[in-house]
There are 2 protein chains.
Amino acid sequence: MKKILVVEDERPLAEAVAFSLEKEGYQVDIALDGERGWRMCQQGAYHLVLLDLMLPGMDGMEVCRRLRRESDVPVIMLTAKDADVDKILGLEMGADDYVTKPFNMRELVARVKAVLRRYQGEEKGKAASEGVIEAGDIALDRERHEVRVRGEVVEMPLMEFRLLELFLRHPGKALPREYLTTQVWEGDYFGQSKTLDVHVRRLREKVEEDPAHPRHIITVRGVGYRFEAGGESS
Amino acid sequence: MKKILVVEDERPLAEAVAFSLEKEGYQVDIALDGERGWRMCQQGAYHLVLLDLMLPGMDGMEVCRRLRRESDVPVIMLTAKDADVDKILGLEMGADDYVTKPFNMRELVARVKAVLRRYQGEEKGKAASEGVIEAGDIALDRERHEVRVRGEVVEMPLMEFRLLELFLRHPGKALPREYLTTQVWEGDYFGQSKTLDVHVRRLREKVEEDPAHPRHIITVRGVGYRFEAGGESS
DNA sequence: TCGACGACCAGTATCTTTTTCATCGTCGCG
DNA sequence: CGCGACGATGAAAAAGATACTGGTCGTCGA
């Protein structure tokens, strides 16, 4: 039995959605504003979150971002008509899918099913290995705050640790420099762009076998960097 | 074989509709008022419901709302004049399409087919095909920011990447030079017009098997360029 | 208080990308 | 057939991005 949280401030709509989903056999909870939605996400172990973009209190974007930091729950955004799709699905928010309002219930249910189905496959060992992210020969333990490369524990300063965590969370994705800085430095940071380079370099020194020819942290010119788990590049 | 229910109180019209649809190979039932329509919907497993808005007894709006609660059947509304389209298609009623009376049969049949087709496809969901755009032997992965031509990864600078993405998004369309420049350079660009040529050339070098005789990026004299997925041209 | 260390910044080196320029080819039209 | 406009091409200058080095500052623990 899958649990779904609907975060939506228009009560009738929220209830309509809940009703439709319950009819499909899901267990549905409703949160009428962002704050509550966020709290409920943290407590209840939901399998999927339906999130309105426009919310009183904390808006959907913020909730989604926070959610992404702390968990892997799939998120479907409910957006107004022509929202910026790239932003919603992209790194910025990282939703799994979106439905534009007004939508019909059938479509919504279809999306929910699709996302859950898709997610089922992805759910590998992440539940088992609480807090440890692995990729190839690198393992990052959030609890112990410790990194192992090829089995060896590697000392790692905070910034590099954060950076590596970011990379490990999005393997294979080209992460824009700007994204990396705002994430590592928590939003409001106006430092020199070169600072990132330095941290990347030092991270490479620790993580790469041959820092001069990185196999893991690939630079994507004009964009940022991309982390490869396996070791393919060139 | 698809089953369709027609809910319409004017018998001659209902029968005319039924006749036209049966001619197209659908199996059609008729309900002459709202109550009956509602009951038949609940029992018979219809693939689509044609619903008159004005009905004796329970009117079409009510039937539609109830229907929406309980099932996924696509609904096409038959409305008088220009009713409130937004309401009909929106959350309020959640119909899939509507046809204004008087209508001609051909149009109605077309709508029926369209809705059924659309519904069919919806099951799959477009979420799966996110991120990578493919066309013939070219694949562009936006997440990885990587391009493959005939399976091989090809290094590609930012501008060319953008350009290629534009082409891939509008295959078969002649894209005016001006459009390309404004899109790639994000609006405000006042460089030489020749710049585009150069980028196109380099893109061809990477994408075409024989850059001297391009099969993909065709120049359209006096207009701009056209991208062909397959390889037909000349 | 000192020293070690991490974070950050600036400058330079190096390389890539972008733009420009000059020339040549070709297509369409009269 | 020749002209003129437009596009293709090659080379090189200009701009831009990243890698690396070294150094300053502040913090924290000895």
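Residue numbers begin at 1 in each chain, while the letters A, B, ... track the order of the sequences.
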Review point. Does CE in Met58(A) sit with more than 12 non-hydrogen atoms of other residues, nucleotides or ligands closer than 6.0 Å?
Key: yes
Check your understanding: Of all residues at least two apart in sequence or in a different chain, which pass the side chain to side chain donor-acceptor pair (under 3.5 Å) check with Ser20(B)?
Key -> none
Check your understanding: With Leu166(B), which residues qualify under side-chain contact (heavy atoms from CB on, under 4.5 Å), at least two apart?
Key -> His170(B), Tyr179(B), Leu180(B), Gln183(B), Val184(B)
Review point. Hey, does the side chain of Trp185(B) come within less than 4.0 Å of dT18(C)'s phosphate (OP1/OP2), counting only N and O?
Key: no
Check your understanding: Rounded to the Å, how far apart are Leu196(A) CG and dA7(C) C1'?
Key -> 13 Å
Point to revise | Rounded interatomic separation in angstrom, taking CD1 from Ile218(B) and C1' from dC27(C) | key: 16 Å
**Study point:** side chain to side chain donor-acceptor pair (under 3.5 Å) involving Lys206(B) - partner list, sequence neighbours excluded
**Key:** Glu160(B)
Exercise for review: Can you tell me the distance, in whole Å, between the CG atom of Leu180(B) and the C1' atom of dG7(D)?
Suggested key: 14 Å
Review point. Can you list the residues that meet the ring-ring contact (aromatic ring centres under 6.0 Å, His included) rule with Tyr26(B), with sequence neighbours excluded?
Key: none
Point to revise | salt bridge (Lys or Arg N to Asp or Glu O under 4.0 Å) evaluation trace for Arg39(A) with Glu35(A) | key: CA-CA 6 Å; Arg39(A) 277 204 307 278; Glu35(A) 312 278 0; 5.3 Å; no
Exercise for review: Kindly check if the number of other-residue, nucleotide or ligand heavy atoms within 6.0 Å of CZ (Arg144(A)) is above 12?
Suggested key: no
Review point. Can you give one letter per nucleotide of nucleotides 23-30 of chain D, 5' to 3': B if a protein heavy atom sits under 4.0 Å from the base, S if only from the sugar-phosphate, - if neither?
Key: --------
Practice item. Using whole Å, report how far CZ of Arg162(A) lies from C1' of dG6(C). Key: 13 Å
Revision key, fill the gap. In 5'-to-3' order, the base (B), backbone-only (S) or no-contact (-) status of each nucleotide in nucleotides 13-20 of chain D, using a 4.0 angstrom heavy-atom cut-off, is ---BBSBB
**Study point:** Residue pair Arg142(B), Glu165(B): steps toward the side chain to side chain contact (heavy atoms under 4.5 Å, CB included) verdict
**Key:** CA-CA 9 Å; Arg142(B) 302 212 311 146; Glu165(B) 187 183 338; 3.0 Å; yes
Check your understanding: How are the rings of Tyr225(B) and Phe167(B) set to each other: parallel, tilted or perpendicular (split at 30° and 60°)?
Key -> perpendicular
Exercise for review: Starting at atom CZ of Arg226(B), determine the distance to atom C1' of dG7(D), rounded to an integer number of angstrom.
Suggested key: 16 Å
Exercise for review: Respond yes when some side-chain nitrogen or oxygen of His199(B) is under 4.0 Å from OP1 or OP2 of dT19(C), and no when none is.
Suggested key: yes
Revision key, fill the gap. Rounded to whole Å, NE2 of His145(B) lies from P of dT17(C) at a distance of 12 Å
Practice item. Would you kindly give the NZ-to-C1' distance between Lys206(B) and dT18(C), to the nearest whole Å? Key: 12 Å
Practice item. Figure out the CG/P separation between Leu163(B) and dT17(C), and round it to whole Å. Key: 15 Å
Exercise for review: Output yes when at least one side-chain N/O atom of Thr195(B) is less than 4.0 Å from OP1 or OP2 of dT19(C), else no.
Suggested key: no
